[in-house]
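Below is one structure, written out as structure tokens; the observations come after it.
One-based numbering, in listed order, for ligands and for the atoms of each.
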Amino acid sequence: MPKTSLDSDSAKKIIQIKKKFDFESSHLNTSFKNDESILSKCFNYNAPDQAKDLGIYPYFREIQETGTSHVVIDGKRVVTISSNNYLGLAKDPNVIKAGREALEKFGIGCTGSRFLNGTLDLHRVLEENISNFLGREDSIVMSTGFQANQGTISCILGRQDVAFSDRENHASIYEGCAVASGKTMRYRHNDMDHLESLLKKNSTVKGKIIITDSVFSMSGDIANLPEIVKLAKNYGASLMVDEAHGLGVLGDRGRGACEYFNVEKEVDIYVGTFSKSLGSIGGFVSAKKSITEYIRHKAAAFIFTAALPPASVGGVIEGLNILSSDSRRRNLLHENTAYIKRGFFDMGIQVNNNQVPIVPILIGDEALTLYMNRLLFEDGVFAGVAVSPVVPPLKAMIRTSYTCAHTKEDLDQIMLSFKSNLQKLGILPQ
Ligand SMILES: Cc1ncc(COP(=O)(O)O)c(C=O)c1O
């Protein structure tokens, strides 16, 4: 983005914020003297308070009401570009009805782990429906997508094995690799040469698995699955793909990037979540039955935690029916995505030329990003921010995401607000 001059009010405000605010270094500063107590890191952590004092703290905003494209925060109705409710299913009347029926029949929770005492017939129905939709032998419904990744990797990656993981993969994949007894090699984001060089170096290792997000949650990039599949074949590695942001969004039938690239049969383990396109909470793993049976009996994150509650299971069963039978929502989502990307591109902002409804707006400096986020909110636009360590230092961004429920008026309002505030901050020319 071109850097231009800043209007004088904003300049004063930013100088004031930058002087007082050192969010980045407070985030990164984890080194403490040996003689300090274990809790001193907590007592010394003041970045959130600093940001609150300056009125730019962006987290845990309390939402008083939700719609599909709007929410109410601090009594103010704002358009949201901070949700992953891509298909608008979180408040769909049929989904709510199905959730309510399950709630009334089974109560608010399962009060136990699926392993011992928390599996309902509804969990099994959902597993069968997922397997049928994806054309896979078997599926396991877990309590979150985070646990699906963490639990699967932690039990699959044995002592002698090596995982090859994209550096931009989701935190749950990092956590799974950290807990597993095998080794993990991280390849540069979407860099197939780097992946190949690591596979080559480890060619004598028998147990190899490549793990990748299909759609990366911050950049909105799509993994180069055709090339990854080739490398997996050439080097005898298995392949696990996290379709958290691909499910419902990509592919003719909404089965994700694996369908979009026509590589479904080459993917050994498919992980998904109900917290994005399906508008709820929960996660799943789909694979050959021998693989799922192993995970079902070995994954601690599945066995030692309470089952997904009935209302969520019931709602997701109906949501999946809609997702798999009605492509209108996906088409609308693609239209909205193309519209907003074209608008940002015309403003001079770099965007990914793909169908992914995640559109990061890179600002760079953390204080400036948080201030920009506040200006957007003042204009009636609620967005999320990503700062270090979620993204590398000085790569702070406003993370925007779109749904099929946004209207053209919503999208125009969002673009107008970005344009005027980026101009105000001297990031775009007047
Ligand atoms: C790529 C990716 N994988 C997994 C998850 C975890 O999903 P859940 O929110 O269902 O725990 C997320 C959620 O942010 C994600 O973006």
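With a 4.0 Å cut-off on non-hydrogen atoms, N84 does not touch ligand 1 at all.
Between the side chain of D268 and the main chain of M240, no donor-acceptor pair closer than 3.5 Å is present.
Closest to atom 10 (O) of ligand 1 among all protein heavy atoms lies T273 OG1, 2.6 Å. If you check which protein heavy atom lies closest to atom 6 (C) of ligand 1, you get F146 N, 3.5 Å.
Residue F274 has no nitrogen or oxygen atom sitting less than 3.5 Å from a nitrogen or oxygen atom of ligand 1, judged on distance alone. Annotation: A244 places no N or O atom under 3.5 Å from an N or O atom of ligand 1; distance criterion only. The shortest N/O to N/O separation between S172 and ligand 1 does not fall below 3.5 Å.
Residue H245 has at least one heavy-atom neighbour below 4.0 Å for each of these atoms of ligand 1: 1 (C), 15 (C), 16 (O). Against a heavy-atom cut-off of under 4.0 Å, N149 is close to the following atoms of ligand 1: 3 (N), 4 (C).
When ring centroids are compared, F115 and F304 stay outside the 6.0 Å threshold. Y45 and F43 have their aromatic ring centers separated by at least 6.0 angstrom.
Side chains of Y174 and S172: no donor on one and acceptor on the other come within 3.5 Å. Using modelled atom types, one finds a donor on one side chain and an acceptor on the other under 3.5 Å when comparing S131 with S139. Inspection of the H406 and N336 side chains reveals no N or O donor paired with an N or O acceptor under 3.5 Å. For the residue pair Y270 / E264, no side-chain donor-acceptor distance below 3.5 Å is found, with atom types taken as modelled.
Comparing heavy-atom distances from atom 9 (O) of ligand 1 across S275, G282, S217 singles out S275 as nearest. For the residues Q150, E243, H170, the heavy atom positioned nearest atom 15 (C) of ligand 1 is part of H170. The closest heavy-atom contact to atom 2 (C) of ligand 1, among the options D242, V271, I281, comes from D242.
At least one heavy atom of K276 sits less than 4.0 Å from an atom of ligand 1.
Partner S69 forms a side-chain hydrogen bond (donor to acceptor under 3.5 Å, both in side chains) with one of T403, N85, D410 and no other, that one being D410.
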